[in-house]
Protein chains: 2
Amino acid sequence: MGEYRSSQLDELFGAIADPTRRAILDRLASGEARVTEIAADFPISLNSVSKHLRMLERAGLVVRRVRGRDHHLSLNAEPLNAAAEWIEHHRQFWEQSLAGLEQFVTRKPRKKIQRSSRQ
Amino acid sequence: MGEYRSSQLDELFGAIADPTRRAILDRLASGEARVTEIAADFPISLNSVSKHLRMLERAGLVVRRVRGRDHHLSLNAEPLNAAAEWIEHHRQFWEQSLAGLEQFVTRKPRKKIQRSSRQ
DNA sequence: TCTATATTCACCCATAGAGGTGAATATAGG
DNA sequence: CCTATATTCACCTCTATGGGTGAATATAGA
């Protein structure tokens with residue numbers, strides 16, 4: 001309570017929450033590409049793609065290698081580890097606590113439950 | 001290409017991209033709770049918490065059971081499966097394609113690389 | 001019936017995101 | 001030096017989000 005911030009996960013999950021950005025990542029999975037090349041595959045403007053790439057870069061999912069005019073973007077899977085970790089941890093923990101709750105409800109009804117009331 | 005939308009993942013990743021919402025999920029992991037109870041643990045208003053809960057509910061991560069005045073919120077881990085699936089798939093695939101790319105670069109330099117230029 | 005509590009609804013504000021256009025910047029290549 | 005290309009910067013619009021406040025609604029409980 002109090003400090004529950006983690007801008008790492010914020011940017012990560014925020015980055016992959018957008019369908020265009022997920023599609024850009026898929027595009028990069030088939031190989032490194034320049035901004036213009038990526039933009040050619042999408043119905044949006046070059047500028048818009050450039051902004052998406054900046055966000056992906058900030059999240060660490062994309063790495064930029066500048067050679068002359070050209071910016072070569074490539075994937076970096078490493079940050080996905082943190083995301084996978086969060087999800088796996090919570091997925092297991094929730095199922096666990098849900099099972100515990102069910103046992104609790106089944107075994108030990110606290111306040112008298114009047115199932116005659118509405119629904 | 002063209003149809004690359006998936007509002008399912010959009011809402012899912014969008015929901016867990018916010019630190020307050022992740023904290024709310026953590027709170028619910030320790031047991032079902034009402035809106036007021038949840039709000040008591042956070043420095044924001046009851047209304048704000050109510051909105052966050054609505055988004056979590058829309059993403060399917062939280063289930064609401066209304067009994068009289070009280071809304072009981074509980075977790076639903078199921079949607080996390082889709083998220084985990086996306087992440088795992090891409091994590092493995094990226095590492096794989098990265099390895100392939102490295103081999104490619106090492107073995108077969110295409111255009112003559114003049115490393116004498118700047119940087 | 002009256003009152004207190006729980007929650008949402010209807011607004012307000014500020015900021016960020018997603019999209020666009022046009023100009024600026026930088027480099028490649030004659 | 002000049003021109004074409006690659007990218008970003010600066011700005012505009014629209015919508016969504018995160019925060020707030022106050023009123024409306026619904027139910028619990030005396």
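Within every chain, numbering begins at 1; the chains are lettered A, B, ... in the order of the sequence lines, protein sequences first and strands thereafter.
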Taking Arg27(B) for its side chain and Ala39(B) for its backbone only, find out whether a donor-acceptor pair lies under 3.5 Å.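 No: the side chain of Arg27(B) does not pair with the backbone of Ala39(B).
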
Donor-acceptor pair under 3.5 Å, Lys51(A) side chain vs dG17(C) base: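 Checked by distance alone, the answer is no.
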
Any heavy-atom pair between the side chains of Thr20(B) and Ile24(B) that's under 4.5 Å?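 Yes, at least one pair of side-chain atoms sits under 4.5 Å.
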
Applying salt bridge (charged side-chain N to carboxylate O under 4.0 Å, His left out), can you list everything that pairs with Glu88(A), at least two apart in sequence or on another chain?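 For Glu88(A), the residues satisfying salt bridge (charged side-chain N to carboxylate O under 4.0 Å, His left out) (neighbours in sequence not counted) are Arg91(A).
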
Does dT17(D) have OP1 or OP2 under 4.0 Å away from a side-chain N or O of His52(B)?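 So the side chain of His52(B) is outside the cut-off, no N or O lying under 4.0 Å from OP1 or OP2 of dT17(D).
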
Counting just side-chain N and O atoms, does Ser48(A) come under 4.0 Å of either OP1 or OP2 of dA18(C)?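 Ser48(A) to dA18(C) OP1/OP2: no side-chain N or O under 4.0 Å.
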
Distance from Ile87(B) atom CD1 to Leu12(A) atom CG, nearest 0.5 Å?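 Between atom CD1 of Ile87(B) and atom CG of Leu12(A) there are 8.0 Å.
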
CG of Leu25(B) to CG of Leu56(B): how many Å apart, nearest 0.5 Å?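 If I round to the nearest 0.5 Å, the distance is 5.0 Å.
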
Sub-3.5 Å pairs of nitrogen or oxygen atoms, protein against nucleotides 13-16 of chain D:
none

Shortest non-hydrogen contact between Asp10(A) and Arg22(B), atoms and distance: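 Where Asp10(A) meets Arg22(B) most closely, the heavy atoms are OD1-NH2, 2.7 Å.
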
Rounded to whole Å, please give me the gap between CZ in Arg22(A) and C1' in dA18(C).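 The distance from CZ of Arg22(A) to C1' of dA18(C) comes to 15 Å, rounded to the nearest Å.
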
Hey, can you tell me if His90(A) and Trp86(A) have their rings parallel, tilted or perpendicular (30° and 60° cut-offs)?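 Parallel: the ring planes of His90(A) and Trp86(A) meet at under 30°.
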
Got a sec, which pairs hit ring-ring contact (aromatic ring centres under 6.0 Å, His included) with one end in residues 58-84 of chain A, sequence neighbours left out?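 For residues 58-84 of chain A: none.
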
What does the list of N/O pairs under 3.5 Å between the protein and nucleotides 5-8 of chain C look like, with a distance for each?
| residue | atom | partner | partner atom | Å |
| --- | --- | --- | --- | --- |
| dT5(C) | O4' | Arg69(B) | NH1 | 3.4 |
| dT5(C) | O2 | Arg69(B) | NH1 | 2.8 |
| dT7(C) | OP1 | Val35(B) | N | 3.3 |
| dT7(C) | OP1 | His71(B) | N | 3.1 |
| dT7(C) | OP2 | Thr36(B) | N | 2.8 |
| dT7(C) | OP2 | Thr36(B) | OG1 | 2.2 |
| dT7(C) | O3' | His71(B) | ND1 | 3.2 |
| dT8(C) | OP1 | Arg64(B) | NH1 | 2.1 |
| dT8(C) | OP1 | Arg64(B) | NH2 | 3.4 |
| dT8(C) | OP1 | His71(B) | ND1 | 3.3 |
| dT8(C) | OP2 | Ser50(B) | OG | 2.6 |
| dT8(C) | O4 | Asn47(B) | OD1 | 3.3 |

What's the angle between the local helix axes at either end of the helix from dT1(C)-dA30(D) to dG30(C)-dC1(D), using five pairs per end and rounding to 10 degrees?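 About 20°, once rounded to a multiple of 10°.
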
Could you pull out all residues at least two apart from Glu57(A) that satisfy side-chain hydrogen bond (donor to acceptor under 3.5 Å, both in side chains)?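 For Glu57(A) the side-chain hydrogen bond (donor to acceptor under 3.5 Å, both in side chains) partners, ignoring immediate neighbours, are Arg64(A).
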
